[in-house]
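Notes follow once the structure below has been shown.
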2 protein chains.
Amino acid sequence: MEKIPTIKEIAKRLKVSPSTVSRALHGHPSIGLVTTMRVNKVASELNYERNQTAVFFKQRKTLTIGVIVPDFSDAFFSSALSGIEDYASKRNYNVFIGQSLENPDKEKRILETMKTHRLDGIIISISKNTTNYEVFEQLKKYNIPVVFFDRIPGMEDIHYSVCNLQSGMLQAIDCLIEKGHRSIGLINGPSQLAASKERLDAYKQGLDKYQIAVNTDLIVSSDLSSAQNTYAMRRLLSLADKPTAIITFNDYVARDAIKLLKNYNLAPNHDISFVSFANSPIWSFMDSAPMASIEQFPQKQGIKAAEILFKIIDDRISEASLTPVFHHAVFDSSMVSHRGRTNV
Amino acid sequence: MEKIPTIKEIAKRLKVSPSTVSRALHGHPSIGLVTTMRVNKVASELNYERNQTAVFFKQRKTLTIGVIVPDFSDAFFSSALSGIEDYASKRNYNVFIGQSLENPDKEKRILETMKTHRLDGIIISISKNTTNYEVFEQLKKYNIPVVFFDRIPGMEDIHYSVCNLQSGMLQAIDCLIEKGHRSIGLINGPSQLAASKERLDAYKQGLDKYQIAVNTDLIVSSDLSSAQNTYAMRRLLSLADKPTAIITFNDYVARDAIKLLKNYNLAPNHDISFVSFANSPIWSFMDSAPMASIEQFPQKQGIKAAEILFKIIDDRISEASLTPVFHHAVFDSSMVSHRGRTNV
DNA sequence: TTGTACGCGTTATCAG
DNA sequence: CTGATAACGCGTACAA
């Protein structure tokens, strides 16, 4: 085990002071050319490499951001992570990760670890069970900026990057109405999710625009398990007046619904048209895709969150801002048609 | 901006020495109960939290491992990451990430960053274009253990965790032979990939077991693009003696091949049976899955790599091992049948 | 039981 | 242009 060369070591060999070596290594203009060259020579001979932990310690900056999501094996989040990593690495920043697995305790532990590590900033999509926001207040005191994305807490004064689901829902309804549908069903998610409320509100608003009364029979919910997805679909199919189109909470719900539809020997997008949310890559592998899916741009959301975070970090350097500004990025979801792709 | 409390601060308030505070906070037995309690009280009043960067610097341990893969938005790698994160977090370790995007230069840069950060260990699945292994040698000098997984370099004396593809291939062939197939095609990947050679060798070995001569017409390759996948399949379909079964490099190749087959109005697994590699989740969304897919257990590979890494880290503490031991985990791939799931 | 002194590697400040 | 010194926050021999 060879020992790792330090600035001191170089200084000793050259019989100069450590500070001279440090400055030479940084190309400081006040150091003479000869000295600089001699230092660089010895440094490369010894394979010197600076000890980043010492620099972090001294500078109180870690050049590291943290990313916390519920689960990296979920395509939505891993795609966001991929975008964040790419952005951060271009800024020469490093990325620390943690996954909450939807467990608020684990989430809290991760946040605390990141705090003690003095990370320069955190990007987080919170667990769906998180209700205690105290940690985030503490983070503020430690001056560690937090940017939320996709899943944001019900707090005032936060930075976030989210996707507005309303726009996609309204587009979907416009499109369905244009195709002559008047009876549009909704398979929504669990009511406690903010995302469910958002979809429902936009659904009602969309129908209202065309003076279509909301028929509560056409609105069913699921906890997003396959069993309940199927059950919800069955309820819609059992109606005397079946909907001619159905909007589902997400692509997985749509998949289960379409599967059931086929068991009834009905053709998706022919007998009943489908529009779902997420636009996940699964449809490119499927024979029966919904007519359209509403894209939520996970990677874009992640990158936007990173942009916000770095803006905060940059601003902090230039001035201690007296009036805090909270950055919000809300971009529109957008309906993506799958019609050319399906073979129904 | 409140300033962050330190041990010194606590010491000053209590008029004791910093070392007393430090020991008290660690529950050192030599500190009196009263003192300990007073220290803890003030610490929690001030919301004291120790500065991990200082500890890292002092202890020359970062309690952090790095994970590098080509792309986190790939389900295979994100699933591995998920497993690694979970394992590491149980050991109170943190995870640093980087993605090479198949770019050897970026990969090198990431590795160097991790080196200067003095990470305690690195788990990596190398980019498919990596040919220069010099960095890994340097890492050895810095005493940073590296564990490779899935994609491993052609080096001696390394730690790794991989999946043996031979077992799956042999199972597949056993299974196909048993069902009466004698003419089995292979759509392989690019020849420069070790994984292609491995599949080909096992394929030959499998046929050999049943005294079936290898027919080179039945072996085609693709660079794994959709275009070439389709082209490769077309070549097999244009043979006078078409194969009755086809083994494909991975699920994406199978998807493209099956798609083409349908254009020929032939039924997958009826006219031609398919077995592929990867067992990716896409099949659960598809109407026409291959008969079977060979599981490669990304998460398991990741966790195993983490186990190896932590074993090395643990061993290092207990003793400076004189004879280096290299840990290899090779577990068998395994054929997973999809027959119950397909509706062909 | 507690305090003193030092070191970890680097850089900023000030003095020459 | 360069050197000496202090400081960052913490842990720990050693001394008291």
Side-chain angles (χ1 to χ4, degrees), chain A residues 1-40 42-43 46-63 113 115-120 142-143 317, chain B residues 1-40 42-43 46-63 113 115-120 142-143 317:
Chain A
M1 170 160 175
E2 316 175 28
K3 75 174 178 206
I4 296 166
T6 69
I7 280 190
K8 281 184 185 168
E9 179 64 25
I10 298 175
K12 204 185 292 172
R13 299 218 184 188
L14 286 168
K15 296 194 172 66
V16 296
S17 86
S19 40
T20 304
V21 176
S22 173
R23 285 183 281 224
L25 255 19
H26 287 266
H28 193 288
S30 78
I31 300 293
L33 189 58
V34 242
T35 317
T36 304
M37 286 192 5
R38 292 204 316 146
V39 167
N40 283 328
V42 176
L46 292 180
N47 272 313
Y48 166 78
E49 222 149 322
R50 79 162 176 280
N51 184 341
Q52 198 65 32
T53 65
V55 179
F56 289 163
F57 170 52
K58 174 123 188 73
Q59 320 234 311
R60 292 120 166 285
K61 285 210 72 195
T62 53
L63 293 180
T113 309
K115 188 172 49 168
T116 63
H117 281 229
R118 306 285 199 263
L119 296 200
D120 290 352
Y142 272 72
N143 232 10
I317 293 168
Chain B
M1 169 161 176
E2 316 177 27
K3 72 175 182 205
I4 296 166
T6 68
I7 280 189
K8 279 183 187 168
E9 180 62 26
I10 297 175
K12 204 186 293 171
R13 300 219 182 187
L14 286 168
K15 297 196 172 64
V16 296
S17 86
S19 50
T20 304
V21 177
S22 173
R23 285 182 282 224
L25 290 171
H26 287 263
H28 195 285
S30 78
I31 300 294
L33 189 58
V34 241
T35 318
T36 304
M37 288 194 3
R38 292 204 315 146
V39 167
N40 283 329
V42 175
L46 293 180
N47 273 314
Y48 168 78
E49 222 149 319
R50 78 160 177 279
N51 183 342
Q52 198 65 33
T53 64
V55 179
F56 288 162
F57 171 52
K58 175 130 186 63
Q59 321 233 309
R60 292 123 165 284
K61 285 210 71 194
T62 53
L63 294 180
T113 308
K115 188 173 48 168
T116 63
H117 282 229
R118 306 286 200 263
L119 296 199
D120 291 352
Y142 272 72
N143 232 9
I317 293 168

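All values derive from a computational prediction rather than experimental measurement. Reminder, nothing fancy here: chain letters follow the sequence lines and each chain counts from 1.
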Integer-rounded Å distance: C:dA12 P and A:I31 CD1: 13 Å
Touch class at under 4.0 angstrom, heavy-atom based, for A:T53 against every strand present: nothing
A:S30 side-chain N/O to D:dT2 phosphate OP1/OP2 under 4.0 Å: no
Closest non-hydrogen atom pair, B:A11 against B:P18: CB-N, 3.6 Å
Salt bridge (charged side-chain N to carboxylate O under 4.0 Å, His left out) pairs, two or more places apart, involving residues 4-21 of chain B: B:E9-B:R13
Nucleotide D:dT2, atom P - distance to CG of A:L33 in whole Å: 10 Å
Estimated bend of the helix from C:dT1-D:dA16 to C:dG16-D:dC1 (axis per five terminal pairs, rounded to 10 degrees): 50°
Pairwise distance CZ(A:F56) to NE2(B:H117) - rounded to 0.5 angstrom: 3.5 Å
List, one per line, each side-chain donor-acceptor pair under 3.5 Å for residues 22-34 of chain B, sequence neighbours excluded.
residue : atom : partner : partner atom : Å
B:R23   : NE   : B:S19   : O            : 3.4
B:R23   : NH2  : B:S19   : OG           : 3.4
B:H28   : ND1  : B:S30   : N            : 3.1
B:H28   : ND1  : B:S30   : OG           : 2.9

Integer-rounded Å distance: C:dT10 C1' and A:E9 CD: 16 Å
Which residues share a side-chain contact (heavy atoms from CB on, under 4.5 Å) with B:R50, sequence neighbours left out: B:Y48, B:Q52, B:V55
Results of side-chain contact (heavy atoms from CB on, under 4.5 Å) for A:K58 - residues two or more places apart only: none
Rounded interatomic separation in angstrom, taking NZ from A:K12 and P from D:dA4: 15 Å
Distance, rounded to the nearest Å, where A:L46 contributes CG and C:dG9 contributes C1': 15 Å
Summary of protein contacts for nucleotides 6-13 of chain D, nucleotide by nucleotide, where a base hit scores B, a sugar-phosphate-only hit scores S (4.0 Å, heavy atoms): -BBBBBBB
Rounded distance (Å) that lies between atom P of C:dA12 and atom NE2 of A:H28: 8 Å
A:L46 side chain near A:I10 side chain, heavy-atom distance below 4.5 Å: yes
Partner residues of A:R38 under the side-chain contact (heavy atoms from CB on, under 4.5 Å) criterion, sequence neighbours left out: A:L14, A:V16
Polar side-chain atom of B:D120 near backbone of B:K61 as donor-acceptor pair, under 3.5 Å: no
